[in-house]
Amino acid sequence: MSNPAGKTPQAIRGTQDIFGADAEAFAFVVETFERVRKLYRFRRVEMPVFERTEVFARSIGETTDIVSKEMYSFEDRGGESLTLRPEFTAGIARAFITDGWQQHAPLKVATHGPLFRYERPQKGRYRQFHQLDAEIIGAGEPQADVELLAMADQLLKELGIADGVTLHLNTLGDGNSREAWRAALVEHFRAVKGELSDDSQERLEKNPLRILDSKDPRDKAFVADAPKIDDYLSGEAQDFFDSVTAGLDAAGVAWERDPALVRGLDYYRHTAFEFVTDRLGAQGTVLGGGRYDGLMESLGGAPTPAVGWAAGIERLAMLVGERGEAFADVAVVVESDEMLASAIAALGKLRAAGLSAELHASGSPRKRFDKAVRAGAGAILAFDARDGIGSHRIKADDPARERIEALIS
RNA sequence: GCGAUCGUAGCUCAGUUGGUUAGAGCGCCGGUUUGUGGUACCGGAGGUCGGGGGUUCGAGACCCCUCGAUCGCCCCA
């Protein structure tokens, strides 16, 4: 090994070094998101990668293992507990309160970047992963939900992956509807507790709504005849949901009702949704979100309605598929080393004119031209010298050759 | 956190029930050939067989541990 001091350190489990065609697919997702976000007039925000642990602990609550087991938390040198962000929403909500963003309400913001969760890695699931995020804060009307979903729908269409993806939609109702439904579910499942799977018996105590999407066959029969949210919706909540679905229909967004679609956290109200594909195995949710009217209060802010979604960039990139790296407009070949300066000068002129250009000047001189040919450039500009007399040739179609000739002379 | 499969060159992989000095294709480097060109041929570099321990006269292969990837489960903000 070339490092006598020891072995090369390995990448951290669950991180990725993204390169080549994968990196191009990743960039395509981000660029498409940026374009669509502007069409819907979402304002760009950049958020800290870490926050006080409290920001996430208070917004997520103590009901699940998330806070205790699945966050990257550490003490800084001042003894303060900090956490690498596991999601965007809590930090944005914190900023809304602490930075006076209330004055901009209703506020539409979008961002993207890395997030960190201490989970078992799988394909499409990493410890450092990346999401797109869009939020509308301070808007309690169903039109906000519609706007957000229309944006998500257009994003998937512009990424070219809408065909394999369906929008699953549900409502959790307002606070009272949700609580009544939850109580009915607990009662229903408690009556048959002994026949449920071990996991679901535990969920009954910790997170009963989650029994609804259990994959265990023992649970399926009891899930099928479980109480439905529709029977517990208040008139107001039903109207809200009707407005959302009517809006989606008007916007031309296809959706499917999925009464088993839930959110684990208490602050969710009304609309919950996921765009799902069957092409990514168990990691089928590609974009998900909902209305979180209860969140601001848990962070000590004034009650503020809000709705948002996030989407995994890696999963979107996998659906987008391989994207080739662009070929150079011009490959500049130095067939005789004494022509290197001429080639460098030409490169500068080509690039200044907006043409992408790459230099081929290393390795065996007689193989450089072949390498340039194989690199697939749109045009090849070759510098050679015979008997001390320099010359260049351009291999390209006529308009390109004339343009390059004009640029470099 | 639980279960399963896998890990051999830069990449994709072969390697017979354990048996000399671990192979191929592609890629890379060099040479020859061709010479408005993506050709062909020759040669070369590159591997502590993921890491550690064990069994054995002998381990890439068998056993244990460990790291990592993959597929499920759990969780999914």
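In what follows, chains are A, B, ... by sequence order, proteins preceding strands, each numbered from 1. Only this structure's heavy atoms are used, side chains among them; waters, hydrogens and symmetry mates stay out.
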May I ask which nucleotide in the shown strands pairs with [N], Watson-Crick or G-U wobble, both distances under 3.5 Å?
N: B:C2; answer: B:G72
N: B:G23; answer: B:C13
N: B:A59; answer: none
N: B:C41; answer: B:G31
N: B:G7; answer: B:C67
N: B:C49; answer: none

Notebook entry, point to check: Near RNA chain B, under 4.0 Å by heavy atom, which residues of residues 293-302 of chain A?
Noted result: none

Checklist line | Residue-level proximity of residues 188-196 of chain A to RNA chain B when a heavy atom falls under 4.0 Å | finding: none

If we count only N and O atoms by modelled type, under 3.5 Å, do the side chains of [X] and [Y] hold a donor and an acceptor together?
X: A:Glu135; Y: A:Tyr292; result: yes
X: A:Thr32; Y: A:Glu158; result: no
X: A:Ser336; Y: A:Asp384; result: yes

Checklist line | Audit row: A:Arg393, A:Ile380, side-chain contact (heavy atoms from CB on, under 4.5 Å) steps and yes/no | finding: CA-CA 8 Å; A:Arg393 290 177 321 222; A:Ile380 296 176; over 6 Å; no

Taking all non-hydrogen atoms of both residues into account, name the closest pair between [X] and [Y] and its distance.
X: A:Ala361; Y: A:Asp337; answer: O-OD1, 4.5 Å
X: A:Glu314; Y: A:Tyr126; answer: CG-CE1, 3.9 Å
X: A:Arg315; Y: A:Thr285; answer: NH1-O, 2.7 Å
X: A:Trp309; Y: A:Leu148; answer: NE1-O, 3.0 Å
X: A:Lys371; Y: A:Gly363; answer: NZ-CA, 4.5 Å
X: A:Ala346; Y: A:Leu381; answer: CB-CD2, 4.0 Å

What is the separation between atom [atom1] on [X] and atom [atom2] on [N], rounded to the nearest whole Å?
X: A:Glu202; N: B:C74; atom1: CD; atom2: C1'; result: 9 Å
X: A:Lys123; N: B:G72; atom1: NZ; atom2: P; result: 10 Å
X: A:Arg117; N: B:G1; atom1: CZ; atom2: C1'; result: 18 Å
X: A:Arg127; N: B:G68; atom1: CZ; atom2: C1'; result: 11 Å
X: A:Asp219; N: B:C74; atom1: CG; atom2: C1'; result: 13 Å
X: A:Arg315; N: B:C76; atom1: CZ; atom2: P; result: 14 Å

With a 4.0 Å cut-off on heavy atoms, is [X] in touch with a base, just the backbone sugar-phosphate, or nothing at all?
X: A:Tyr268; result: sugar-phosphate
X: A:Gln10; result: nothing
X: A:Gly14; result: sugar-phosphate
X: A:Arg368; result: nothing

Checklist line | Salt bridge flag under 4.0 Å for residues A:Glu405 and A:Arg401 | finding: no

Notebook entry, point to check: With the threshold set at 4.0 Å, does a side-chain nitrogen-carboxylate oxygen contact exist between A:Arg190 and A:Glu205?
Noted result: yes

Choose from [options] the nucleotide whose nearest atom is closest to any side-chain atom of [X].
X: A:Arg125; options: B:A77, B:C76, B:C75; answer: B:C75
X: A:Glu70; options: B:C71, B:C76, B:C75; answer: B:C75
X: A:Gln122; options: B:C74, B:G3, B:A77; answer: B:C74

For the [atom1] atoms, the ones on [N] and on [M], what distance do you get once it is rounded to whole angstrom?
N: B:G10; M: B:U66; atom1: P; result: 28 Å
N: B:U36; M: B:G31; atom1: C1'; result: 23 Å
N: B:C13; M: B:G54; atom1: P; result: 33 Å
N: B:A69; M: B:G51; atom1: C1'; result: 15 Å
N: B:U55; M: B:C64; atom1: P; result: 15 Å
N: B:G7; M: B:G52; atom1: C1'; result: 15 Å

Checklist line | 4.5 Å side-chain heavy-atom contact, A:His112 and A:His130 | finding: no

Next item on the list: Mark up nucleotides 27-38 of chain B, 5' to 3', with B wherever a protein heavy atom is under 4.0 angstrom from a base atom, S wherever such an atom reaches only the sugar-phosphate, and - elsewhere.
Entry: -SSBBB-BBBBB

Item checked: Under 4.0 angstrom between A:Arg210 side-chain N/O and B:C75 OP1 or OP2 -> no

Next item on the list: Respond yes when some side-chain nitrogen or oxygen of A:Asn207 is under 4.0 Å from OP1 or OP2 of B:C74, and no when none is.
Entry: no

Check: Taking the six-membered ring of A:Tyr118, is NZ or CZ of A:Arg127 closer than 6.0 Å to its centre and within 45° of its axis?
Finding: yes

Check: Given that A:Pro121 and A:Phe116 both sit by RNA chain B, which one's nearest nucleotide is further toward the 5' end?
Finding: A:Pro121

Notebook entry, point to check: Which sits closer to the 5' end of RNA chain B, A:Tyr267 or A:Thr15, going by the nucleotide each is nearest to?
Noted result: A:Thr15

Notebook entry, point to check: Is a donor-acceptor contact shorter than 3.5 angstrom present between the side chain of A:Arg13 and the base of B:A69?
Noted result: no

